[in-house]
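Please read all numbers here as calculations on a predicted model, not as lab measurements. Just the heavy atoms: all of them, side chains too, but no hydrogens, waters or symmetry mates, feed the values below. Letters A, B, ... mirror the listed sequences (proteins, then strands); counts begin at 1.
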There are 2 protein chains.
Amino acid sequence: MERLDAIDLKILRILQKDSKKTTKEVSELLNLSASPVYERIRRLEKNGYIRKYVALLDKRLVNKPITAVCMVSLRYHNEGFIEKFERQIKALKEVQECYHMAGKVDFFLKINLGDLDEYHEFVRLKLSKIENIGVLESYFVLKEMYSTTAYYF
Amino acid sequence: MERLDAIDLKILRILQKDSKKTTKEVSELLNLSASPVYERIRRLEKNGYIRKYVALLDKRLVNKPITAVCMVSLRYHNEGFIEKFERQIKALKEVQECYHMAGKVDFFLKINLGDLDEYHEFVRLKLSKIENIGVLESYFVLKEMYSTTAYYF
DNA sequence: CGTGAAAGACTTTGATC
DNA sequence: GATCAAAGTCTTTCACG
């Protein structure tokens, strides 16, 4: 797909904040009729600009009030070890995000749990069973001051 | 709102993975008719279980391929300082997430940018202008190994 | 709480400019 | 590319079990 024009960018800005806006509402915001907006959205989906549509839930109300960040360093760094680690992490349902980092720490994990006991069990029964972990540091979120899934452009 | 029953939980699991599923599709997955599913979804929205619906974009395609995590510690920790920091951070459009942490680091910031030059400018012109920052450590994401906005329950 | 049907709204297509 | 209108599909409401 060629470059996005100003209308495409506006559509993306709207939908990444509120994907329940109807084609009709978006077209009114842009002073267009529904059809071109409809076509552009389909094109943005097909070409991967829009990856997916999701509902964001309240973590407290679904009983996952605890968020922890684990910083992990591996003992050995051969490619095989990294891939194995990746596979093992993906199998852990508590892990919401896992990033391979540049720097003195190899991985950041973001974990969601119901309470601190669960975190203790998670580290004791799951994380610590993964071989090849050298250093493991845990941080807990006291307060989510700001959080969005949108990009600024 | 009282507790969620098994049907509510199933609806939430479906919508947090794909909010474009129609009421009709969800009702078929649950072997119900559309109306009760429609009503339950509205109730989950009204009671805050579903916070919002968003489109997730491809960060590379919208020219924000660089993700950095900044760990920040403040020099002074009075409440006034923390609130002021919070206000200043929220004004920075590059910051996608900001968490107040427990432990030896006060804040985690997640930053999205177009390239490393932009990161350099961001730190030089914006972050470093915020008073009261004691320690600032930057980490860069090499690879997003896994990432979801869904909770596992 | 669920079903089923009716009315209304939005999506989606296709002809036209 | 955009507009307009027609057809189709879902959403949304409501009477009823």
Novice: Starting at NZ of K21(B) and ending at P of dT9(D), how long is that distance when rounded to a whole Å?
Specialist: 19 Å

Novice: In whole angstroms, how far is the C1' atom of dG2(C) from the NZ atom of K24(B)?
Specialist: 18 Å

Novice: Between P on dA2(D) and CZ on R43(A), what's the gap in Å once rounded to a whole number?
Specialist: 9 Å

Novice: Choosing from dT12(C), dC10(C), dC10(D), which nucleotide comes nearest the side chain of T22(A)?
Specialist: dC10(C)

Novice: Around K84(A), counting heavy atoms of other residues, nucleotides and ligands shown, do more than 12 lie under 6.0 Å from its NZ?
Specialist: no

Novice: Can you tell me how far P of dG1(D) sits from CZ of R3(A), to the nearest Å?
Specialist: 13 Å

Novice: With hydrogens left out and only the distance checked, is there a donor-acceptor pair under 3.5 Å joining S35(A)'s side chain and the base of dT13(C)?
Specialist: yes

Novice: Which listed nucleotide (dT12(D), dG1(D), dT3(C)) is nearest to the side chain of L32(B)?
Specialist: dT3(C)

Novice: Does OP1 or OP2 of dT12(C) have a side-chain N or O of Y38(A) closer than 4.0 Å?
Specialist: yes

Novice: Out of curiosity, does V62(B) fall in the hydrophobic cluster containing V26(A) (side-chain heavy atoms, cut-off under 4.5 Å, transitive links)?
Specialist: yes

Novice: Out of dT12(C), dT3(D), dT13(D), which nucleotide sits closest to the side chain of P36(A)?
Specialist: dT3(D)

Novice: Atom CD of E39(B) and atom P of dC1(C): how far apart are they, to the nearest Å?
Specialist: 10 Å

Novice: Using the side-chain hydrogen bond (donor to acceptor under 3.5 Å, both in side chains) rule, pick out the option among R40(A), R13(A), R3(A) that qualifies with D8(A).
Specialist: R40(A)

Novice: Remember a base hit wins even if backbone is also touched, and classify L30(A) as base, sugar-phosphate or nothing at under 4.0 Å, heavy atoms.
Specialist: nothing

Novice: Roughly how far apart, to the nearest Å, are dC1(C) and dC16(D) at atom P?
Specialist: 22 Å

Novice: Taking the six-membered ring for Trp, are F140(A) and Y119(A) parallel (under 30°), tilted (30 to 60°) or perpendicular (over 60°)?
Specialist: perpendicular

Novice: For dA2(D), take OP1 and OP2 only and decide whether either is under 4.0 Å from a side-chain N or O of R40(A).
Specialist: yes

